[in-house]
Amino acid sequence: MTETPDAPSPAKIADLPLNQLLHQARTHSAWLPRRVPVETLREVYELARWGPTSANSSPARFVFLESEAAKARLLPALAPLNVEKTKAAPVTVIVAWDTEFYENLPRLFPHADMRSYFVGNQGLIDETAFRNSSLQGGYFILAARAVGLDCGPMSGFDPAKVNAEFFPDGKWKANFLCNLGYGDGSKLYPRSPRLEFNEACQVL
Ligand SMILES: Cc1cc2nc3c(=O)[nH]c(=O)nc-3n(C[C@H](O)[C@H](O)[C@H](O)COP(=O)(O)O)c2cc1C
């Protein structure tokens, strides 16, 4: 197969980036007082958007809360344990999904009429939006780590309150939240284990 600069053969990435993305990357709750420039948030999105989604549907939307005023609107929706860490984080992103993501399919998936496949099929819309915005949230976390940010994802919040406050027209819906910044590694708990291959995987 011919190799082009746009489509290099996959190669195993080196230990250093693997450590930064996964092996040594941790979930952070304590943050250094260092702001995150908006250019860095843009860089994260520019990377994360290339992760695959079904029919290239790209339903995730990202709302960055940086100002104290914006954070204040979020705090009443948070589980008590998530309040202080969110106040201290330089940025909190609401990872949301667009309930009308399929309206972009003529542009995002031009080689087939996928829009009409979704219109009127609420079950498929909901399932596709939630599955793929969750995947995109995962790509977002890895992209943030790739540009040197730390993440603190959170599902401990009341989605109805977040949706009423930030998405009153009902078009976007919150999936999960993620604090972003430069973590204070001295405040981390020891790393918890993960399941072994034989516990979590089957090869059939
Ligand atoms: C979708 C999601 C939701 C989470 N919700 C919360 C939360 O509400 N509060 C919290 O303190 N940690 C939350 N966490 C953090 C996890 O507990 C943490 O990522 C996990 O224990 C692994 O920790 P490690 O990355 O340091 O190994 C969440 C993580 C994910 C991915």
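Heavy-atom basis, side chains included; hydrogens, waters and symmetry copies ignored.
- R73 CZ to E68 CD: the interatomic distance, rounded to the nearest 0.5 Å, is 14.5 Å.
- Relative ring orientation between H28 and W31 is described as tilted, the plane-to-plane angle lying within the 30° to 60° band.
- A search for side chain to side chain contact (heavy atoms under 4.5 Å, CB included) contacts involving L124 returns Y117, F118, N121, T128, not counting sequence neighbours.
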**OP:** Tell me, with the steps shown, if F101 and I125 meet side-chain contact (heavy atoms from CB on, under 4.5 Å).
**Re:** CA-CA 8 Å; F101 69 87; I125 290 170; 3.8 Å; yes

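- Sorted by first and then second residue, the pairs that involve residues 29-43 and meet salt bridge (charged side-chain N to carboxylate O under 4.0 Å, His left out), not counting sequence neighbours, are R35-E66.
- In this structure, N198 has no side chain to side chain contact (heavy atoms under 4.5 Å, CB included) partners at least two apart in sequence or on a different chain.
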Original post:
Please walk me through it: do K161 and E165 pass salt bridge (Lys or Arg N to Asp or Glu O under 4.0 Å)?
Top reply: CA-CA 6 Å; K161 283 189 182 163; E165 178 62 32; over 6 Å; no

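- Atoms OG and OH, on S57 and Y102 in that order, are 12.5 Å from each other to the nearest 0.5 Å.
- Proximity of S58 to N56: side-chain heavy atoms (C-beta onward) are separated by under 4.5 Å at one or more points.
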Donor-acceptor pairs under 3.5 Å, side chain of residues 133-143 to any protein atom, not counting sequence neighbours: which ones?
| residue | atom | partner | partner atom | Å |
| --- | --- | --- | --- | --- |
| S133 | OG | A129 | O | 2.8 |
| S133 | OG | F130 | O | 3.4 |
| S133 | OG | N175 | ND2 | 3.0 |
| S134 | OG | F130 | O | 2.7 |
| S134 | OG | N175 | ND2 | 3.0 |
| Q136 | OE1 | A60 | N | 2.8 |
| Y139 | OH | P52 | O | 2.7 |

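- Contact of the V95 side chain with the L177 side chain is not registered, since no non-hydrogen atoms from C-beta on lie closer than 4.5 Å.
- Within the model, atoms CG of L16 and CD of Q24 stand 8.5 Å from one another, a figure rounded to the nearest 0.5 Å.
- With R191 contributing its side chain and H23 its backbone, the two residues share a donor-acceptor pair below 3.5 Å.
- Sorted by first and then second residue, the pairs that involve residues 168-182 and meet salt bridge (charged side-chain N to carboxylate O under 4.0 Å, His left out), not counting sequence neighbours, are D98-K171.
- In terms of the side chain to side chain contact (heavy atoms under 4.5 Å, CB included) criterion, S155 has no residue partners (sequence neighbours excluded).
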